[in-house]
Amino acid sequence: MKTNVLLPTKENIQQAGEALRNGELVGVPTETVYGLAANALDPAAVKNIFRAKGRPGDNPLIVHISDIAQIEEFELVSEIPEKAKMLMQAYWPGPLTIIMKKGSVPDEVTAGLDTVAVRFPSHPVTQRIITAAQRPLAAPSANTSGKPSPTSAMHVLHDMDGKIPYIIDGGSCEVGVESTVITVAGETPVLLRPGGITHEQLEAVIGHVDISDAVIHKLKDGETAASPGMKYKHYAPCARIILIKSDDNGYINYVNAHSADSTAALCYDEDAEKLNVKTYCFGAKFDFDAQANRIFDVLRKIDEDGVENVYGRCPDTTGKALAVYNRLIRAAGFEVISLA
Ligand code: TXA
Ligand code: MG
């Protein structure tokens with residue numbers, strides 16, 4: 001199959017909508033990362049998503065809408081809890097996915113769970129594609145399972161070339177990491193995946209929100225993840241990444257003492273001039289927005305360059321940096337060296 005990368009013109013968006021109605025897959029831009037979309041109400045189309053990504057069947061998908069009224073129109077959930085309404089009011093459309101008790105969504109989407117994840121993206125092109133499809137769209141990130149999420153149409157083409165008919169090119173993604181995932185299906189709201197909307201922002205609207213253990217720690221063997229996606233080694237480049245938890249000088253001295261061929265540093269912008277190895281900067285130390293925006297692109301570049309060993313800075317865990325930390329410790333397979 002030839003994969004066509006198309007600009008988001010009116011005609012091309014209509015064509016994407018029609019392809020989606022016909023059960024085909026389309027790569028779509030969103031404000032977070034690119035998605036691999038299919039009609040969420042068509043089980044056969046949804047199965048093709050799992051096939052194209054090589055995604056384990058027990059990892060559920062997010063259902064994307066372009067209007068809050070579609071939740072009721074398509075009976076996506078059995079009820080909308082009060083806290084969900086407050087979050088929708090505050091942060092939709094935007095990089096927030098809300099998990100609620102499911103309505104009549106195919107089991108292929110929810111991987112057999114009794115809950116469903118719903119997101120209303122803010123990217124105007126995503127909204128237009130959903131509206132053109134006239135259906136909610138199931139869409140995971142458009143990467144091959146286990147690889148860094150795509151933040152440009154070229155990243156999607158790299159992973160999906162020959163597997164899908166269309167990719168709509170909406171430019172590079174502003175947020176750069178996937179949406180925040182929160183469940184309000186239980187007694188206490190739980191943050192399952194940190195993203196563009198921070199833990200602090202969630203608590204400002206609905207009060208206390210637990211943070212799932214899997215956000216920060218590696219799951220023990222046999223432990224079940226509240227969000228199935230968290231149990232897989234995710235966002236993994238080919239290089240071995242080791243995170244160094246340390247102050248500025250400790251990091252720089254450690255990396256310079258361990259420099260060798262095919263070793264590189266995944267560092268803050270300010271570190272670059274002091275390091276003796278090839279550097280991949282992912283933003284200034286306190287610019288968490290830039291770090292989120294750049295992290296996946298930088299991880300892909302590391303692979304393109306065939307780097308073997310990478311010493312990375314261990315990101316902060318406050319605000320939006322928690323999302324960057326969560327992705328990087330997974331890319332590092334939880335290998336962290338702490339220099340006291
Ligand atoms: O920003 C995003 O969320 C992007 C764009 C395309 O919208 N999508 C995305 O989808 O990141 P994906 O499939 O890569 O990640 C969805 C995450 C997974 O970790 C999955 O396990 C979790 O959400 N998830 C989905 N439905 C769930 C449910 N019912 N209960 C718990 N976790 C769920
Ligand atoms: Mg993903």
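Every number for a ligand or one of its atoms is a count from 1 in the order of the listing. None of the values given here were measured: they were computed from a predicted structure. Only heavy atoms go into these numbers, but all of them, side chains included; no hydrogens, no water, no symmetry mates.
Using a cut-off of 2.8 Å, one finds that Ser145 contributes no N/O/S atom close to the Mg ion (ligand 2).
Interface atoms of ligand 1 facing Gly35, defined by a heavy-atom separation under 4.0 Å, are 6 (C). Atoms of ligand 1 found under 4.0 Å from any heavy atom of Glu178, numbered from 1 in the order shown, are 1 (O), 2 (C), 11 (O). Residue Thr115 approaches ligand 1 through these ligand atoms, each under 4.0 Å from one of its heavy atoms: 28 (C), 29 (N), 30 (N). Interface atoms of ligand 1 facing Ser141, defined by a heavy-atom separation under 4.0 Å, are 8 (N), 9 (C), 10 (O), 12 (P), 14 (O). Near Asn59, meaning under 4.0 Å from one of its heavy atoms, ligand 1 places the atoms 18 (C), 20 (C), 21 (O). Of all atoms in ligand 1, numbered sequentially from 1 with element shown, those under 4.0 Å from a heavy atom of Ala117 are 25 (C), 26 (N). Less than 4.0 angstrom separates some heavy atom of Leu113 from each of these atoms of ligand 1: 28 (C), 29 (N), 30 (N). Every atom of ligand 1 with a heavy atom of Ile99 under 4.0 Å away is listed here by number and element: 27 (C), 28 (C), 30 (N), 31 (C), 32 (N), 33 (C).
Considering Lys320, Arg327, His199 as possible partners of Pro194, the one that fulfils the side-chain contact (heavy atoms from CB on, under 4.5 Å) test is Arg327. Screening Ile182, Leu87, Leu202 for a side-chain contact (heavy atoms from CB on, under 4.5 Å) with Ile197, the sole residue that qualifies is Leu202. Applying side chain to side chain donor-acceptor pair (under 3.5 Å) to Lys102 and the options Asp114, Thr110, Thr115 leaves one that passes, Thr110. When each of Arg294, Arg313, Lys285 is tested with Asp269 by the rule salt bridge (charged side-chain N to carboxylate O under 4.0 Å, His left out), just one qualifies, namely Arg294.
Surrounding NZ of Lys274 are more than 12 heavy atoms belonging to other residues, nucleotides or ligands, all under 6.0 Å away.
Using 4.0 Å as the threshold, Arg55 has a heavy atom nearer than that to some atom of ligand 1. The shortest separation from a heavy atom of Thr110 to ligand 1 is not under 4.0 Å, leaving the residue out of contact.
In terms of N/O distances under 3.5 Å, ligand 1 is approached by Ser179. The shortest N or O to N or O distance between Thr32 and ligand 1 is below 3.5 Å.
Contacts between Lys102 and ligand 1, counted as non-hydrogen atom pairs separated by less than 4.0 Å, are absent for every part of the residue.
Looking at Arg51 and Glu108, no side-chain N of the basic residue comes within less than 4.0 Å of a carboxylate O on the acidic one, giving no salt bridge.
Residue pairs that meet the ring-ring contact (aromatic ring centres under 6.0 Å, His included) test with at least one member in residues 276-299, sequence neighbours left out, are Tyr235-Phe296, Tyr268-Phe282.
In this structure, the separation between CG on Asn143 and CG on Asp159 is 6.0 Å, given to the nearest 0.5 Å.
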